[in-house]
Amino acid sequence: MGEAISDRDVVRALRPFVRATGPVLDALREVNLLGLRDRSLEASADRKVVDKLWDQLARVKVPGTAGWAAMDLDQRDEWWLNRVGRVVSLLAAIPGVGGALADRLPIQSSLGAAGQGLLLSALAGERGITTTEDRVRLIAHVLFQREVDGRAVDPDEDRRTAELTEELDRSTFKAIGRTIWKLARVLWSLEDELDKRPHGRFYHQALGALPVVGVVGDYLGERSGLRRVRKAAYEWFGAQ
């Protein structure tokens, strides 16, 4: 049996994780796609077809559009849960094709935890919680039931953060996927703590233990876990 994981170990892993995820989520939230956020949504009969097409694009509810800017806090939270949640849940569920054997590896747990950490950073950002310390405290509380300080403990933190984000200058799906994989690897060092994070129901776990179809159970379980993460985050926000 390995040494117990200390609060210092948790903070050392989470600080570069947060510093890598926070700027990505903030940039995605604030990006103004082709000027669509500032475009008027008013319609009139004499508007040109091209203008009407741009108006329709502006109504799409993604970060950087007028449709996004018009959404309230609950709607944005739901967007992060459903849109981002689906992607990270699927990534976390893929090892489930191997059934119970894959469940014994840290890959699925760390990918699931990385997705939950991404969601928590997104929810925090929507509420103006942007400091590394506060986001570390939030993630440690929700995922690991720990109350930590959150301040820097590792002089090598800048280098570790830079390694996590080195591919993000290319805004491609592959670059983002590789970054998420790197974020998951950061959490491997907390393997003994990963079982504490919110999971799905017992029947999701039972289905996930089966070969091939286990991916379905694992996907549904990760989605259920994300909803529990959101609920726990709301409780934390209310207590601050």
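Only this structure's heavy atoms are used, side chains among them; waters, hydrogens and symmetry mates stay out.
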Exercise. So Lys182 and Glu167, side chain to side chain contact (heavy atoms under 4.5 Å, CB included) or not? Walk me through it.
Worked result: CA-CA 10 Å; Lys182 289 181 180 180; Glu167 296 189 62; 3.4 Å; yes
Could you pull out every donor-acceptor pair under 3.5 Å between side chains of residues 233-240 and any protein atom, sequence neighbours left out?
from	atom 1	to	atom 2	distance (Å)
Tyr234	OH	Asp77	OD2	2.8
Gln240	OE1	Arg137	NH2	2.9
Gln240	NE2	Trp236	O	3.3

Seminar exercise, completed: With sequence neighbours left out, the residues meeting side chain to side chain contact (heavy atoms under 4.5 Å, CB included) with Ala152 are Arg15, Glu157
Problem set entry | Sequence neighbours excluded, every pair satisfying salt bridge (Lys or Arg N to Asp or Glu O under 4.0 Å) that has a member inside residues 139-151 | Asp7-Arg146, Arg146-Glu193, Asp149-Arg151
Seminar exercise, completed: Nearest heavy-atom contact between Leu194 and Arg197 is O-CG, 3.0 Å
For this session: Kindly indicate whether the side chain of Leu226, heavy atoms from C-beta on, has any atom under 4.5 Å from the side chain of Leu81.
Result: yes
Problem set entry | By salt bridge (Lys or Arg N to Asp or Glu O under 4.0 Å) - contacts of Arg8 (at least two apart) | none
Exercise. Looking at side-chain heavy atoms only, is the closest gap between Leu138 and Ile129 below 4.5 Å?
Worked result: no
Problem set entry | Under the side-chain hydrogen bond (donor to acceptor under 3.5 Å, both in side chains) test, residues paired with Ser189 that sit two or more places apart | none
Exercise. Just by modelled atom types, is the Ser6 backbone N or O under 3.5 Å from a matching donor or acceptor in the Asp9 side chain?
Worked result: yes
For this session: Flag the pair Leu190 / Leu143 as yes when at least one side-chain heavy-atom distance between them is below 4.5 Å, and no otherwise.
Result: no
Exercise. Does any non-hydrogen side-chain atom of Phe144 lie less than 4.5 Å from one of Leu14?
Worked result: yes
For this session: Compare all side-chain heavy atoms of Thr179 with those of Leu164 and state whether any distance is below 4.5 angstrom.
Result: no
For this session: Only counting residues at least two apart or in another chain, list the ones meeting side chain to side chain contact (heavy atoms under 4.5 Å, CB included) with Ala232.
Result: Val142
For this session: Could I get the full list of side chain to side chain contact (heavy atoms under 4.5 Å, CB included) partners for Gln145, not counting sequence neighbours?
Result: Lys196
Problem set entry | Arg127 side-chain N/O to Leu123 backbone N/O, donor-acceptor pair under 3.5 Å | yes
Exercise. When rounded to the nearest 0.5 angstrom, what is the spacing between CG in Leu187 and CG in Leu111?
Worked result: 9.5 Å
Problem set entry | Worked check of side chain to side chain contact (heavy atoms under 4.5 Å, CB included) between Glu191 and Trp188 | CA-CA 5 Å; Glu191 181 181 350; Trp188 281 3; 5.8 Å; no
Problem set entry | Over all atoms of both residues, closest heavy-atom pair of Ala13 and Val186 | O-CG1, 3.2 Å
Problem set entry | Residues forming a salt bridge (Lys or Arg N to Asp or Glu O under 4.0 Å) with Arg160, sequence neighbours excluded | Asp154
Exercise. Any side-chain heavy-atom pair from Arg230 and Trp80 closer than 4.5 angstrom?
Worked result: no
For this session: Sequence neighbours left out, what passes salt bridge (Lys or Arg N to Asp or Glu O under 4.0 Å) with Arg159? Give chain and number order.
Result: Asp156, Glu163
Exercise. Just how far is it from atom CG of Leu183 to atom OG of Ser121, taken to the nearest 0.5 Å?
Worked result: 9.5 Å
Problem set entry | Nearest-0.5 Å distance that lies between atom CD in Glu166 and atom OG1 in Thr161 | 12.0 Å
For this session: Could you check if a side-chain atom of Phe17 sits within less than 4.5 angstrom of a side-chain atom of Ile139, using non-hydrogen atoms only?
Result: yes
Problem set entry | Counterpart residues, salt bridge (Lys or Arg N to Asp or Glu O under 4.0 Å), relative to Asp158 (two or more places apart) | Arg19
